[in-house]
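In what follows, chains carry the letters A, B, and so on, assigned in the order in which the sequence lines appear, proteins first and then strands, with residues in each chain numbered from 1.
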Protein chains: 2
Amino acid sequence: MQSILENIAKHVALTQQEQELFLSKTETKPFKAKTILLSSGEIATCTYFVNSGILRSFNINDNIIEHVLHFACEGWWIGDMYSYISGKPGNLFLEVLEDAEVVIITKENQQQLYQEIPKLERFFRILAENSLVSHQERLMDNLSLTAEERFEKFCSKYPTLIQKVPQKHIASYIGVTPEFFSKMKARLLKKN
Amino acid sequence: MQSILENIAKHVALTQQEQELFLSKTETKPFKAKTILLSSGEIATCTYFVNSGILRSFNINDNIIEHVLHFACEGWWIGDMYSYISGKPGNLFLEVLEDAEVVIITKENQQQLYQEIPKLERFFRILAENSLVSHQERLMDNLSLTAEERFEKFCSKYPTLIQKVPQKHIASYIGVTPEFFSKMKARLLKKN
DNA sequence: AACACTTCTTAATCTAGGTTAAGTGCTCTT
DNA sequence: AAGAGCACTTAACCTAGATTAAGAAGTGTT
């Protein structure tokens, strides 16, 4: 299991004291599968780091159709960035897909941490930049690749998720209906 | 015209000295329309802020089809974030669409600025977070809205661009072919 | 053990948007 | 002023993926 301190150490070096201060501003909690940590319409007051288990963020549009924005498993950050930074009600749900242990940082605590450990500005800057890059890539993929190519990319990028996550969620992530996903998968199995 | 210092002042307060230091690490240049500031395969060594004019970033896939990632006009930042932060060759082109004046910051200078003015870590963190949010929204829009809805959203979000940018680029941005875009536009005109 | 509930599959039918191709007007060269 | 080259349009035809509907198989609850 990768700890949150190791995750931070990838980009900035905290002293022993800073590490303790950081941890003192976080809370670690277990959650059962199917728990909803955040609902559409609520204001996101926390950021989440996954110690173990799997979470997903998604929205629901007019047609009552879910769209998966993100999966997060061990060592990933997740939340509703829009609501978190704007302070306005968001439109994302945050759900536990597989029993999880999650590190929670409230916005207040994060603001205090920025004051007390300025290095964390750098850490979260780098985190946001990396996330931005992967969103840009996914956006371009959605514009230029077929569903089949997006699925293959997903497989090579997140091999562990394929076994663990219901395939309707993967269909949603790559942007097709579960029915079409099923058909496509059958086609791929025949081909190879 | 919004200056780069005003842009920074939106999120962090720099002293007079810091402002001067910052400007000393930038270079402001005019570019003619059609200039390519960055090509696919090159390593992005700079970040760009647009004083005036319009730029676009796009990639070209196997089929020789362009996909617009971004437009940037007065007061916007643009670049190839992937290549810039990874130091690897990127796959974006950066092109001037309308004669422009651009502020250029090299990666080296940006790194030095982070050392000398730690507040800038915060500024660029906030910039990255905001950009992340708008990419997430665009991603969800591409998954859940029709081409027509995406076009309407584009119009209300970037009203000035519609007059100034060739419509084939707007078609590409919202993710349809120029032919379909033309058809859709005619349909909308009839309707309203 | 039986029930409800959810996930996944299959298949027929439909449609948003793509492709191909031809034509119209621009603007920019020379 | 004649041509070359873009940007845009129109229209016929095509397809990736959606929709609808039904059934199969698994999973958890009582």
Side-chain angles (χ1 to χ4, degrees), chain A residues 32-36 54 56 58 60-68 71 93 95-99 141-155 161-191, chain B residues 32-36 54 56 58 60-68 71 95-99 140-155 161-191:
Chain A
K32 284 281 171 206
K34 296 186 185 174
T35 310
I36 301 287
I54 304 177
R56 73 189 255 250
F58 64 100
I60 297 184
N61 74 359
D62 315 332
N63 315 317
I64 318 169
I65 293 175
E66 291 180 13
H67 290 281
V68 174
F71 296 109
F93 293 83
E95 183 198 28
V96 179
L97 288 182
E98 203 179 69
D99 292 2
D141 286 351
N142 281 340
L143 292 178
S144 62
L145 303 183
T146 63
E148 213 167 297
E149 291 168 326
R150 274 176 273 144
F151 176 47
E152 275 162 4
K153 204 157 176 180
F154 183 90
C155 291
L161 280 178
I162 300 155
Q163 281 86 2
K164 294 186 177 174
V165 172
Q167 67 171 260
K168 62 173 183 168
H169 294 330
I170 296 174
S172 170
Y173 183 93
I174 69 170
V176 297
T177 60
E179 295 85 354
F180 181 76
F181 188 89
S182 181
K183 185 160 76 174
M184 182 175 77
K185 217 183 57 174
R187 200 168 57 208
L188 283 172
L189 282 174
K190 252 181 229 164
K191 223 200 291 182
Chain B
K32 282 282 168 203
K34 298 189 186 173
T35 309
I36 301 288
I54 304 177
R56 72 190 255 247
F58 64 99
I60 298 184
N61 75 359
D62 314 334
N63 315 319
I64 318 171
I65 293 174
E66 290 181 15
H67 289 281
V68 173
F71 296 108
E95 184 198 28
V96 180
L97 288 181
E98 203 178 65
D99 291 2
M140 295 311 252
D141 286 350
N142 281 340
L143 292 178
S144 62
L145 303 183
T146 64
E148 212 166 298
E149 291 167 327
R150 276 176 272 142
F151 176 48
E152 273 161 5
K153 205 157 177 181
F154 183 90
C155 290
L161 281 179
I162 300 155
Q163 281 86 0
K164 293 186 178 176
V165 172
Q167 69 170 256
K168 61 172 183 167
H169 294 328
I170 296 174
S172 170
Y173 183 94
I174 70 171
V176 297
T177 59
E179 294 86 354
F180 181 76
F181 188 89
S182 182
K183 185 160 73 177
M184 183 177 77
K185 216 183 59 174
R187 200 168 57 209
L188 283 173
L189 281 175
K190 252 180 231 162
K191 224 199 289 180

Could you state the atom-to-atom distance from [atom1] of [X] to [atom2] of [N] in whole Å?
X	N	atom1	atom2	value
B:K168	D:dG5	NZ	C1'	11 Å
A:L97	C:dT6	CG	P	15 Å
B:K164	D:dA7	NZ	P	18 Å
A:I162	C:dT7	CD1	C1'	18 Å
A:E95	C:dT6	CD	C1'	13 Å
B:E66	D:dC6	CD	C1'	13 Å

| If we fit an axis to the first five pairs and another to the last five of the helix from C:dA1-D:dT30 to C:dT30-D:dA1, what angle do they make, to the nearest 10°? |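 Axis angle across the helix from C:dA1-D:dT30 to C:dT30-D:dA1, nearest 10°: 40°.
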| said: Using 30° and 60° as the class boundaries, would you call the ring planes of A:F154 and A:F71 parallel, tilted or perpendicular? | reply: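 Rings of A:F154 and A:F71: perpendicular, as their planes differ by over 60°.
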List the residues meeting side chain to side chain contact (heavy atoms under 4.5 Å, CB included) with [X], not counting sequence neighbours, and say none if there are none.
X	answer
A:E179	A:T177
B:K183	B:F180
B:E148	B:T146, B:M184, B:R187, B:L188, B:K191
B:E98	B:I54, B:K164

Pairing residues for [X] by the side-chain hydrogen bond (donor to acceptor under 3.5 Å, both in side chains) criterion, not counting sequence neighbours:
X	result
B:K153	B:E137, B:D141
A:N142	none
A:K34	none

| note | Per-nt protein contacts along nucleotides 9-21 of chain C (heavy atom under 4.0 Å; B base, S backbone sugar-phosphate only, - none) come out as BB------BBBBB
